Protein chains: 2
Amino acid sequence: MVAHLSPLAERGNQAQAFLEQDAGAQPAMGSVQHFAQDREVFAQGDDADYFFKLVSGVIRTCKFLADGRRQIDAFYVAGDVFGFEPGEEHRLSAEAVTDCTMVAYRKIKADPFASTDRRWSRELLDFAMRGMTQAQNHSLLLGRRSAMEKVAGFLLDWAQRSADHRQISLAMTRQDIADYLGLTIETVSRTLSQLERDHVIALPSARQIKLCNLDQLEELAA
Amino acid sequence: MVAHLSPLAERGNQAQAFLEQDAGAQPAMGSVQHFAQDREVFAQGDDADYFFKLVSGVIRTCKFLADGRRQIDAFYVAGDVFGFEPGEEHRLSAEAVTDCTMVAYRKIKADPFASTDRRWSRELLDFAMRGMTQAQNHSLLLGRRSAMEKVAGFLLDWAQRSADHRQISLAMTRQDIADYLGLTIETVSRTLSQLERDHVIALPSARQIKLCNLDQLEELAA
DNA sequence: CGGGATTTTGATTCCAATCAAGTCCGGTGG
DNA sequence: CCACCGGACTTGATTGGAATCAAAATCCCG
């Protein structure tokens, strides 16, 4: 289910700016929504009536297996689009890793991706292409790679997304990282400790990671 | 590099039919190409000037790591589009698993995905969406799953694609399967043998797999 | 048939999972 | 301001599943 629309008075300006930027570009105008940390945006199996463009915060999309295991498919940050799917229903659930603001776009039932507007068509294509690339990179990170290669790859990936490419501040827990990399929380922790011992990274706090030796980190990511 | 265009006299009819079907739909008209088994269609790093729609055969896209490991990102069958990327160059290589026939489409340098044609725009979007979904499913198949879950998932995936959903004829080697699932060839073989002992599948020959107990196979895929 | 590639099977090793304590915060209330 | 609580994280000991190393069997194709 998609949660109720909140008025969000305290974020009015930001939301307004975002809407204006896209005004007229899409047939189904978006509405601004806010989700607190750990709240579910949609669940697997929900009707995929909406997709979302994240304004602020971090979102994770995940799949829950019958035995309770959780796999995280992707993390999304400001500017990313998620919940954008070809099918009738969401194949993954989406949860707020941190407090999040996003714009929801309604899909048209009959033909979800029909559009008369060239700019909007093009934007949809870009969303899909980015999603494809991200998912492919994730597959490559998971297949037959050691714990060290996975963790190093993860750090490099986030380094690129952050303002200072040598300093990462993680929004997610070790458990989130583990579920994204197909490892256990203990292995993620041990691997980070190993990197710290080798002076490849520094850990001023658990969620703050300084990349001290980018070259070596890239070596380790293979 | 993209190989030279071959006249392909012996397949003229098939190719002609395919082109006519799409005639006028795309701004850059496609040219038919043929690749023999194990030939490279493009390599990682090549200019992504073309993308391809497969008419017949099976293609694998893969990434080679510095130490010689190979990861297969995806297999493509007739009707699938591959080599369709946002960037300037191919991030993966593509090779013919079997003899293949395909249509190559040239991208326009300035704006690779600009299009005045609504039907063609829509088709590009569908390609990207399918690619995204396939890559996401692959990620989910790789993350923290046992060898048995991976192999069972792989079999179910191919069962869906084949005409008879209870009989698969594999175009690829065990090595290909292993590189796709992030396992070794020995583990793939052992797992298939295990499934045969348990009467979940039958292996009349190495490349022919009969699914004897679909329900149990779905159980095992978790 | 013969020969090479592909696949299967077997023995052993090793990396990451599991099981099990600790430790380190960040927040809360005394 | 500090003691304490609980969740997040780290570290240690052991186990287990898949990799590796090694060899045999099978399948194709000429």
Side-chain angles (χ1 to χ4, degrees), chain A residues 37-38 58 60 65 67-72 97-98 141-155 168-198 201-209 220 222, chain B residues 36-38 60 65 67-71 97-99 141-155 168-198 201-209 220 222:
Chain A
Q37 190 171 2
D38 292 323
V58 178
R60 61 175 172 250
L65 303 184
D67 61 3
R69 276 176 301 175
R70 181 185 68 161
Q71 291 185 245
I72 293 182
V97 174
T98 64
L141 195 58
L142 291 177
R144 200 126 140 56
R145 291 177 110 97
S146 67
M148 182 56 82
E149 289 170 336
K150 289 177 179 179
V151 171
F154 177 82
L155 293 178
I168 309 171
S169 79
L170 295 174
M172 71 288 292
T173 66
R174 296 286 188 270
Q175 187 65 63
D176 285 333
I177 299 172
D179 290 345
Y180 179 73
L181 295 177
L183 298 171
T184 58
I185 187 175
E186 293 96 331
T187 298
V188 170
S189 183
R190 269 186 253 276
T191 306
L192 287 170
S193 299
Q194 181 64 51
L195 285 170
E196 190 180 29
R197 270 195 298 281
D198 298 347
I201 64 172
L203 290 163
S205 78
R207 306 286 186 100
Q208 288 294 322
I209 301 182
L220 291 167
Chain B
Q37 187 171 1
D38 292 322
R60 61 175 173 252
L65 302 184
D67 61 2
R69 277 176 299 176
R70 183 186 67 163
Q71 291 185 245
V97 175
T98 63
D99 288 8
L141 194 59
L142 291 178
R144 203 127 139 55
R145 293 176 107 97
S146 67
M148 182 56 83
E149 288 170 337
K150 289 176 178 179
V151 170
F154 177 81
L155 293 177
I168 308 172
S169 79
L170 295 174
M172 71 288 290
T173 65
R174 295 286 187 271
Q175 186 65 61
D176 286 332
I177 299 172
D179 290 344
Y180 179 74
L181 295 177
L183 298 171
T184 58
I185 187 175
E186 294 96 330
T187 300
V188 170
S189 183
R190 269 186 254 276
T191 306
L192 288 170
S193 298
Q194 182 64 50
L195 285 169
E196 190 179 30
R197 271 195 297 282
D198 298 346
I201 64 172
L203 290 163
S205 78
R207 307 287 185 97
Q208 288 294 322
I209 302 181
L220 291 168

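Because the structure is predicted, anything quoted here is derived from the model rather than measured. Hydrogens, waters and symmetry mates play no part in the numbers below; they use all other heavy atoms, side chains included. Quick note on labels: first sequence line is chain A, next is B, and so on, each numbered from 1.
- In terms of heavy-atom proximity, B:Ala222 sits nearest to A:Arg69 at CB-NH2, 4.0 Å.
- In terms of heavy-atom proximity, A:Arg60 sits nearest to A:Ile72 at CD-CD1, 3.8 Å.
- Atom CD in A:Glu149 sits roughly 9 Å away from atom P in C:dA16 (whole-Å rounding).
- Side-chain atoms of A:Arg70 and A:Gln175 form no donor-acceptor pair, as typed in the model, at a separation below 3.5 Å.
- When all heavy atoms of A:Leu220 and A:Met148 are compared, the closest pair comes out as CD2-CG, 4.1 Å.
- Taking atom CG of residue B:Asp179 and atom P of nucleotide C:dT7, one finds them 12 Å apart after rounding to whole Å.
- In this structure, the helix from C:dC1-D:dG30 to C:dG30-D:dC1 shows an angle of 40° between the axis at its start and the axis at its end, each fitted on 5 base pairs and rounded to 10°.
- Side-chain atoms of A:Arg144 and B:Leu181, non-hydrogen and from C-beta on, never get closer than 4.5 Å to each other.
- Taking atom CG of residue B:Asp38 and atom C1' of nucleotide C:dA5, one finds them 12 Å apart after rounding to whole Å.
- The phosphate of D:dT20 (OP1 or OP2) has a side-chain N or O of A:Arg144 nearer than 4.0 angstrom.
- Using a 4.5 Å heavy-atom cutoff, the side chains of A:Arg207 and A:Ile168 are not in contact.
- The CZ-C1' distance, from B:Arg69 to D:dA18, rounds to 15 Å in whole Å.
- For A:Thr184, taking side-chain heavy atoms from C-beta onward, the closest of the listed nucleotides D:dC28, C:dT18, D:dT20 is C:dT18.
- Residues B:Leu65 and B:Gln71 meet the side-chain proximity criterion, which asks for heavy atoms closer than 4.5 Å.
- In this structure, NZ of B:Lys150 is placed 12 Å from C1' of D:dA19, rounded to the nearest angstrom.
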Quiz item: How does each nucleotide of nucleotides 4-17 of chain D score, in 5' to 3' order, for protein heavy atoms under 4.0 Å: base (B), sugar-phosphate only (S), or none (-)?
Solution: ----SSBBBB----
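- If you take CD of A:Gln208 and C1' of C:dC24, they are 16 Å apart, rounded to a whole angstrom.
- Atom CD1 in B:Ile209 sits about 15 Å away from atom P in D:dC27, given to the nearest Å.
- Between B:Val151 and B:Ile177, every side-chain heavy-atom pair lies at or beyond the 4.5 Å cut-off.
- Separating the CD atom of B:Gln37 from the P atom of C:dA5 is a distance of 14 Å, rounded to the nearest angstrom.
- Shown here for B:Phe154 and B:Leu170, the closest heavy-atom pair between the two residues is CE2-CD2, 4.0 Å.
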